[in-house]
Amino acid sequence: MDIIKIHKKWQKKWEESKIFKIKEDSKKQKYYCLEMFPYPSASGLHVGHAFNYIIGDIYSRFKRMNNFNVLYPMGYDAFGLPAENAAIKVGIHPRKFTEDSINTFTKQQKELGLSYDWDRMLKTCDEDYYKWNQYFFLKFMEKGLVYRKNAPVNWCPECNTVLANEQVKDGKCWRHQKTLVQEKHLEQWFIKTTKYSDELLDKVDSLAWPDRIKIMQKNWIGKSYGTEINFKINDKSWPIFTTRPDTIYGVTFMVVSAQHPRLNELVIEKQKKEVESFLKKIKTLNEEELEKEGAFTGSYAINPLTNEKVPVWAGNFVIADYGSGMVMAVPAHDARDYDFAKKYKIPIKEVIKGGNIKKQVYTEKGILINSEKFSGLDNEKAKQEITKYLENKKLGKKDLQYKFRDWLISRQRYWGTPIPVTYCKKCGIVPIPYNELPIKLPEKVKFGEGNPLATNKDFVNTKCPKCKGSAKRETDTMDTFFDSSWYFLRFCDTLNTKEPFNKNKVNYWMTVDQYIGGAEHACMHLIYARFFTKALRDMGYVKFDEPFTRLFNQGMLHGEDGSVMSKSAGNGVDPSITIAKYGTDSLRLFLVSVAMPNKDFAWSTTGIESVYKFLNKVCEYYDNIKVGKSSKKIESKVNKTIKEITADIEEFKYNLAVIKLRELFEVLESEKEIGKQELNNYLKLLSIFCPHLTEEYWEKLGNKGFISISDWPKYDAKKIDNNIEQQEQIIEKTIEDVRNILKIVKIQPKKVYFYLIPKEKEVFEAHKEQIERSLNLEVKFFAVNDKNKYDPQNKANKAKLGKPAIYLE
Ligand code: ANZ
Ligand code: ZN
Ligand code: ZN
């Protein structure tokens with residue numbers, strides 16, 4: 001059999017017989033396995049992507065064979081900037097560009113033998129998908145979860161659009177990692193994600209997700225308990241947020257954000273020039289050279305507890321929309337304040353004992369000093385006492401701050417879902433009525449001259465749905481993360497034309513039992529999808545709180561050169577080429593046999609060659625096998641392997657399962673005849689990794705139906721003979737010992753003598769052939785009490801139970 005071509009035959013048969021098509025079945029337990037759907041790039045898949053899908057496919061096949069009703073769908077996150085940029089660059093329409101990419105993806109995915117229910121395939125750029133984006137947008141609007149606001153926004157000059165907070169990392173665009181984001185003031189659409197801040201935070205602990213992702217989600221929401229304290233500046237009250245009210249006696253200056261909307265009120269005439277040149281300077285600094293910069297405003301603040309006057313500075317390290325956009329600076333105990341004070345020669349006052357603030361900032365716990373009546377208190381206690389005192393005097397109060405912000409979804413780009421509202425001079429903002437959805441993306445537009453929707457008169461000019469007067473359409477489109485926030489719900493009912501999904505279907509299939517994808521989505525996608533689920537729950541669409549019960553992050557695939565595999569690094573391996581050379585089954589088996597799938601590993605040509613050789617041996621074996629009766633030993637080994645592999649797969653320890661499959665194969669090979677059941681079971685175990693060649697031999701052995709939808713083997717505990725298993729281990733260990741000795745000795749011996757505890761002699765004799773074959777040496781056994789034994793070096797007295805003495809000659 002040709003393992004390079006065999007996938008074609010079986011993929012065709014699966015497709016014709018629609019064996020992976022699935023529907024709700026109340027009698028069966030459901031299982032929903034989902035990989036994060038891909039953005040279809042023009043360059044197609046590399047094996048790193050393939051790895052992701054193969055992990056999910058193996059799991060789905062396993063669950064399916066274990067009699068679960070498995071939902072395993074695939075679709076495409078098809079809107080987005082790259083397609084539009086390509087349109088500008090090479091003049092292909094984004095739709096054509098995207099469709100071509102999707103076709104490439106689908107073809108390559110099919111080649112991998114993935115067991116998707118392809119009838120459920122969806123593309124977010126299809127109007128029967130994005131129509132429901134518009135529908136949910138309007139529903140959110142009805143619920144008060146959508147608003148429009150003029151806000152300072154992150155503008156990427158490269159993307160030519162606004163970005164969400166989550167899409168800005170260290171001041172740079174997540175897509176253009178070198179491009180600094182600029183600040184602009186624009187009217188934008190927001191989704192009120194912060195309504196769910198607490199639930200998004202609290203439910204994190206209930207998720208079976210990798211810890212680091214859970215930590216990232218928590219940090220992203222960033223809930224801080226602290227105190228709001230009112231300082232007086234120029235006779236007006238300016239509140240600040242602090243998590244360290246215990247340090248209030250150490251305040252030596254204040255810092256207001258350079259972007260604070262009321263900064264001007266603080267800058268006195270004499271300081272205007274200085275502040276302006278500071279503001280100019282921080283605009284031109286790039287992130288690497290970005291130090292703590294500031295300028296004195298000329299105003300002073302009065303500390304409410306000490307009545308001391310401290311200078312108010314403007315600074316670039318204070319965030320405008322966190323807390324109140326102003327901080328009380330305590331240079332002795334806060335690292336940023338410390339650097340700032342040193343730089344601008346501002347006094348430093350120690351109020352927590354423990355460090356040496358002349359040399360270094362002290363941020364640890366300790367006892368209060370220089371703090372009037374609070375001196376001597378432990379600082380945790382002092383936080384409470386000082387807050388209480390401030391509350392009594394009406395100078396402050398307990399406060400709570402979140403880092404999490406509402407989701408800015410406006411994008412000034414073409415290739416996305418049009419936001420379904422119109423602007424009417426008379427009626428203001430008017431939502432499009434549901435029965436007029438979808439608002440379609442016009443196909444004929446001009447690219448490269450601003451937002452193609454804004455320059456399209458046919459699109460922009462419309463009638464007001466309310467007064468029928470002339471009106472203008474919204475020309476912003478939605479952030480594509482909107483699309484991916486509910487696609488897993490649509491998969492439950494992809495073809496529904498009347499509603500986004502049927503509630504019963506969604507409640508049957510959801511939640512996603514196993515979600516699989518990269519850690520890069522830790523914040524954006526996973527937060528938005530969790531938000532959507534909660535909002536839809538509260539609107540009565542779904543009955544659960546969280547979309548993804550379990551999350552698995554696959555490891556990164558590296559190229560043979562050791563660096564992360566990517567198109568740009570030039571070390572990408574094309575799965576199609578690999579398949580043409582070694583066959584799909586070899587590729588699949590190789591990708592999961594090197595390491596635990598959540599660990600990084602490197603592509604290796606010798607690795608895949610070894611897998612290819614192994615599979616050829618398996619084929620040769622099945623081509624020539626004499627079906628007969630299995631020995632007790634084989635029965636025991638097969639049952640034990642079933643037991644162990646079943647547990648391994650359940651926990652994604654695919655690589656361990658593969659090792660056991662290889663070991664079992666060696667034992668099968670060493671026998672003269674094997675029973676059909678054992679032969680079948682071996683194929684079944686192998687089938688989730690190598691579904692094509694196992695279908696072939698399943699059929700050859702005379703079985704009916706497809707192995708892909710046969711029952712997973714059950715082990716029979718009674719057939720596992722622990723004695724046999726123990727003996728096997730001793731034999732294997734002994735063989736290994738000899739191999740190790742052979743590595744050390746210089747001469748190549750011809751014979752090996754074993755001195756055995758008498759009761760073990762029989763066991764070793766029974767394995768004589770196996771040992772000889774493995775070592776390629778002539779073998780002789782003696783019991784240690786055998787008077788006639790050949791033992792020139794008196795080794796026999798070293799023999800132990802389970803560890804024979806060895807002599808090579
Ligand atoms: C005085 C102080 C003394 C502070 C000290 C810290 C240490 P988290 O935990 O992140 O909430 N802060 C407040 N608003 C800020 C803003 N808009 N931009 C930058 N920093 C701001 O941090 C809260 C602390 O961050 C606050 O407590 C404040 O500095 C600063 F020894 O107040 B602290
Ligand atoms: Zn960008
Ligand atoms: Zn109107």
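Order of appearance sets the numbers: ligands from 1, and atoms from 1 within every ligand. Because the structure is predicted, anything quoted here is derived from the model rather than measured. Residues take their numbers from the sequence shown, with the count starting at 1. Just so you know, these numbers use all the heavy atoms, side chains as well, and skip hydrogens, waters and symmetry mates.
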May I ask you to check whether Thr194 and Trp407 show a side-chain donor-acceptor distance below 3.5 Å?
-> no
Heavy-atom contacts with Val318 under 4.0 Å: which atoms of ligand 1 show up? List them by number with element.
-> 16 (C), 17 (N), 18 (N), 19 (C)
Is the shortest distance from a heavy atom of Gly323 to ligand 1 less than 4.0 Å?
-> no
Just say parallel, tilted or perpendicular for the rings of Phe79 and Trp415, cut-offs at 30° and 60°.
-> perpendicular
Got a sec, which residues hit side-chain contact (heavy atoms from CB on, under 4.5 Å) with Ala314, two or more places apart in sequence or on another chain?
-> Val256, Leu263, Phe278, Thr297
Using ring pair (Phe, Tyr, Trp, His ring centres under 6.0 Å) as the criterion, list what pairs up with Tyr76, not counting sequence neighbours.
-> none
Residues Lys353 and Tyr362: side-chain donor-acceptor under 3.5 angstrom = no
Out of curiosity, His333 NE2 to Tyr338 OH, how far, rounded to the nearest 0.5 Å?
-> 11.0 Å
Do the side-chain N and O atoms of Asn85 and Arg413 include a donor-acceptor pair separated by under 3.5 angstrom?
-> yes
Tyr402 versus Asp198, side-chain donor and acceptor atoms under 3.5 Å = yes
For atom 5 (C) of ligand 1, closest protein heavy-atom neighbour | Arg244 CG, 3.5 Å
Does even one non-hydrogen atom of Gln401 get within less than 4.0 Å of ligand 1?
-> no
Residue, atom name and distance, where the atom is the protein heavy atom closest to atom 18 (N) of ligand 1 = Ile319 N, 2.8 Å
Tally of protein N/O/S atoms under 2.8 Å from the Zn ion (ligand 3)?
-> 4
Is it true that the side chains of Ser484 and Asp77 contain a donor and an acceptor less than 3.5 Å apart?
-> no
Are a donor atom and an acceptor atom from the side chains of Trp155 and Asn160 found within less than 3.5 Å of each other?
-> no
Out of Met328, His333, Gln259, His260, indicate the one that has the non-hydrogen atom closest to atom 31 (F) of ligand 1.
-> His333
Do Tyr322 and Gln401 meet the criterion of a side-chain donor-acceptor pair at a distance under 3.5 Å?
-> no
Does the pair Asp399 and Tyr225 meet the rule for a side chain to side chain donor-acceptor pair (under 3.5 Å), with working shown?
-> CA-CA 6 Å; Asp399 194 18; Tyr225 294 93; over 6 Å; no
Protein N, O or S within less than 2.8 Å of the Zn ion (ligand 2), waters excluded = Cys156 SG, Cys159 SG, Cys173 SG, His176 ND1
Within 4.0 Å of some non-hydrogen atom of Val330, the atoms of ligand 1 are 3 (C)
Identity and separation of the nearest protein heavy atom to atom 33 (B) of ligand 1 = Thr242 OG1, 3.5 Å
Give the atoms of ligand 1, by number and element, whose distance to some non-hydrogen atom of Arg336 is under 4.0 Å.
-> 19 (C), 20 (N), 25 (O), 30 (C)
Do Thr227 and Thr242 have side-chain atoms, one donor and one acceptor, less than 3.5 Å apart?
-> no
Identify the closest protein heavy atom to atom 6 (C) of ligand 1: which residue and atom is it, and at what distance?
-> Asp334 OD2, 3.3 Å
Output yes when the distance from some N or O of ligand 1 to some N or O of Thr247 is under 3.5 Å, and no in every other case.
-> no
Given the options Val312, Leu266, Asn230, Trp238 meets side chain to side chain contact (heavy atoms under 4.5 Å, CB included) only with Leu266
Could you check atom 27 (O) of ligand 1 against the protein and tell me its nearest heavy-atom contact, residue, atom and distance included?
-> Thr243 N, 3.1 Å
In sequence, state the C-alpha distance, the side-chain angles, and the governing distance for Asn461 and Lys472, and then conclude on side chain to side chain donor-acceptor pair (under 3.5 Å).
-> CA-CA 5 Å; Asn461 296 322; Lys472 295 218 181 301; 3.0 Å; yes
Where ligand 1 meets Phe317 - atom numbers and elements under 4.0 angstrom, heavy-atom basis | 19 (C)
For residues Arg175 and Gln167, is any side-chain donor paired with an opposing acceptor at under 3.5 Å?
-> no
What protein heavy atom sits nearest atom 8 (P) of ligand 1, and how far off is it?
-> Ser224 OG, 3.4 Å
For atom 15 (C) of ligand 1, the closest protein heavy atom turns out to be Val327 CG1, 3.4 Å
Report, in ascending order of atom number, the atoms of ligand 1 lying under 4.0 Å from any heavy atom of Lys403.
-> 8 (P), 10 (O)
When distances are taken from atom 28 (C) of ligand 1, the protein heavy atom at minimum range is Phe241 O, 3.7 Å
Is a side-chain donor or acceptor of Gln188 paired with a backbone partner of Asn150 at a separation under 3.5 angstrom?
-> no
Cut-off 3.5 Å, side chains only: do Asp406 and Tyr147 have a donor facing an acceptor?
-> yes
